[in-house]
Amino acid sequence: IYNSLGLVYSEQGDVMFDQAKNNYFEALKIYMEISDTVGQAESYYRIGAMYLNKKAIEIDSALSYYNKFLELAIYLDDRKQIAQAYEGLGLISLKKENYDESEKYFLESEKIWIELDNKFSIASIYNNLGELYLKKNNIEKALKYALDANDLSILNDIPMITKQSDLSLMLIYEQLG
């Protein structure tokens, strides 16, 4: 229940950051006390995401929790969680402008999402790769991934990714002139 409460507070933005953080850490404490590694992994994921999504991003905290999440996801051999961890680490690396590391994580995540046939996550990772290649000034790859994200999100009715990929395409076309 604490992870659920944390999520509700987290979705309210930075205003409710402390309440979200308190609930996530309470959930983590309970999961550790009862040796529930699946619950611990979920808590690490949510804490890492919370720090990553904060307006004043706390990169080191996000990185620490995503690494713990990845470690448990590998231990549990949970392909979905491994892909989530790689995608989160890719986003952190992107924000740190470590583009080669970001690319490595995103491509690992992409392989797993395709293997799992998770359309939402495939569209999301394509959009992230498009953003990455735009920052690397590789317009050809940026355009390919942004178009793939857009096509997949429209085909599967994922408006959030459609909106993000539309924005990416606008930025790419601006650079193309």
Side-chain angles (χ1 to χ4, degrees), residues 3-13 20 24 38-39 41-55 57 62-63 65-66 69-70 72-74 76-96 98-176:
N3 268 339
S4 296
L5 285 171
L7 182 60
V8 169
Y9 286 126
S10 190
E11 288 178 352
Q12 304 304 311
Y24 286 143
V38 173
E42 180 184 348
S43 293
Y44 285 133
Y45 168 69
R46 291 185 185 278
I47 293 167
M50 175 189 65
Y51 281 117
L52 182 60
N53 292 323
K54 194 169 183 238
K55 283 193 176 141
I57 297 166
L63 181 61
Y65 286 101
Y66 268 102
F69 174 50
L70 177 60
L72 282 178
I74 290 170
L76 295 167
D77 194 30
D78 186 320
R79 302 294 289 159
K80 178 183 174 198
Q81 288 187 343
I82 293 169
Q84 287 174 318
Y86 283 143
E87 189 166 0
L89 290 166
L91 289 168
I92 292 166
S93 299
L94 185 64
K95 296 207 184 278
K96 292 175 79 172
N98 188 340
Y99 299 137
D100 291 338
E101 187 173 281
S102 179
E103 181 178 34
K104 178 186 83 165
Y105 285 128
F106 283 158
L107 292 174
E108 284 297 319
S109 182
E110 176 192 26
K111 278 193 287 192
I112 298 169
W113 289 131
I114 289 170
E115 170 190 314
L116 297 175
D117 197 33
N118 184 315
K119 302 296 188 211
F120 178 91
S121 297
I122 294 168
S124 175
I125 201 69
Y126 284 169
N127 194 61
N128 290 334
L129 282 160
E131 182 181 341
L132 167 70
Y133 289 123
L134 182 60
K135 289 181 185 261
K136 287 181 81 169
N137 207 29
N138 186 334
I139 302 302
E140 186 177 314
K141 276 189 171 181
L143 181 59
K144 177 213 176 299
Y145 278 106
L147 286 170
D148 287 349
N150 196 262
D151 291 345
L152 192 58
S153 65
I154 290 170
L155 185 65
N156 291 280
D157 193 30
I158 311 169
M160 182 178 84
I161 304 293
T162 303
K163 181 179 173 183
Q164 292 171 346
S165 60
D166 283 344
L167 179 60
S168 295
L169 286 167
M170 182 188 75
L171 295 171
I172 291 166
Y173 289 132
E174 276 182 358
Q175 282 208 357
L176 288 173

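Position 1 is the first residue of the sequence; numbering continues from there. Everything quoted here is computed from the prediction, not taken from an experiment.
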Any chance you could lay out the side chain to side chain contact (heavy atoms under 4.5 Å, CB included) test for L143 and L169, step after step, and finish with the verdict?
-> CA-CA 7 Å; L143 181 59; L169 286 167; 3.7 Å; yes
When you look at L129 and L107, which way does the side chain to side chain contact (heavy atoms under 4.5 Å, CB included) test go after all the steps?
-> CA-CA 8 Å; L129 282 160; L107 292 174; 4.0 Å; yes
Test Q84 against Y66 for side chain to side chain contact (heavy atoms under 4.5 Å, CB included), laying out the working first.
-> CA-CA 9 Å; Q84 287 174 318; Y66 268 102; 6.0 Å; no
For salt bridge (Lys or Arg N to Asp or Glu O under 4.0 Å), just list the numbers for K104 and D100, CA-CA rounded to whole Å, side-chain angles, deciding distance to a tenth of an Å, and then say yes or no.
-> CA-CA 6 Å; K104 178 186 83 165; D100 291 338; over 6 Å; no
From CA spacing to verdict: side chain to side chain contact (heavy atoms under 4.5 Å, CB included), N127, S168 = CA-CA 8 Å; N127 194 61; S168 295; 3.5 Å; yes
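Between D78 atom CG and L72 atom CG the span is 10.5 Å, to the nearest 0.5 Å. Annotation: the span from L152 atom CG to N156 atom CG amounts to 5.0 Å, rounded to 0.5 Å. With values rounded to the nearest 0.5 angstrom, N150 atom CG is found 11.0 Å from I158 atom CD1. Distance CG/N128 to OG/S165: 11.5 Å, rounded to 0.5 Å. Separation of atoms CG (L76) and CD (E42) is listed at 12.0 Å; rounding is to 0.5 Å. Atom CG of N118 sits about 9.5 Å away from atom OG of S109, to the nearest 0.5 Å.
Residues K119 and D117 are paired through a salt bridge, judged by an N-O separation under 4.0 Å between the basic side chain and the carboxylate.
For the pair Y126/K144, no side-chain contact is recorded, criterion being any heavy-atom separation below 4.5 Å from C-beta on. At least one side-chain heavy atom of E101 sits less than 4.5 Å from a side-chain heavy atom of Y105. Counting heavy atoms from C-beta on, the side chains of L94 and Y99 come closer than 4.5 Å. For the pair L171 and E131, the minimum side-chain heavy-atom distance is 4.5 Å or more. Residues F106 and L91 are in side-chain contact: their nearest non-hydrogen atoms beyond the backbone lie under 4.5 Å apart.
Residues passing the side chain to side chain donor-acceptor pair (under 3.5 Å) test with K80, sequence neighbours excluded: none. Considering only residues two or more places apart in sequence or on other chains, K111 meets the salt bridge (charged side-chain N to carboxylate O under 4.0 Å, His left out) condition with E108. Residues forming a salt bridge (charged side-chain N to carboxylate O under 4.0 Å, His left out) with E103 (at least two apart in sequence, or on another chain): K136.
A donor atom on one side chain and an acceptor atom on the other are not found under 3.5 Å apart for S93 and S102.
Shown here is E174, whose CD atom has more than 12 heavy atoms of other residues, nucleotides or ligands within 6.0 Å.
Listed here is the closest heavy atom pair of S121 and W113: CB-CD2, 3.2 Å. Residues L176 and I139 share a closest heavy-atom pair of CD2-CG2, 3.5 Å. L63 and K96 make their closest contact through CD2-NZ, 4.1 Å (heavy atoms, listed as atom of the first residue, atom of the second, distance). Shown here for A142 and L134, the closest heavy-atom pair between the two residues is CB-N, 3.5 Å. The shortest heavy-atom contact between Q175 and N137 is OE1-OD1, 3.3 Å.
A donor-acceptor contact shorter than 3.5 Å is absent between the side chain of S124 and the backbone of F120.
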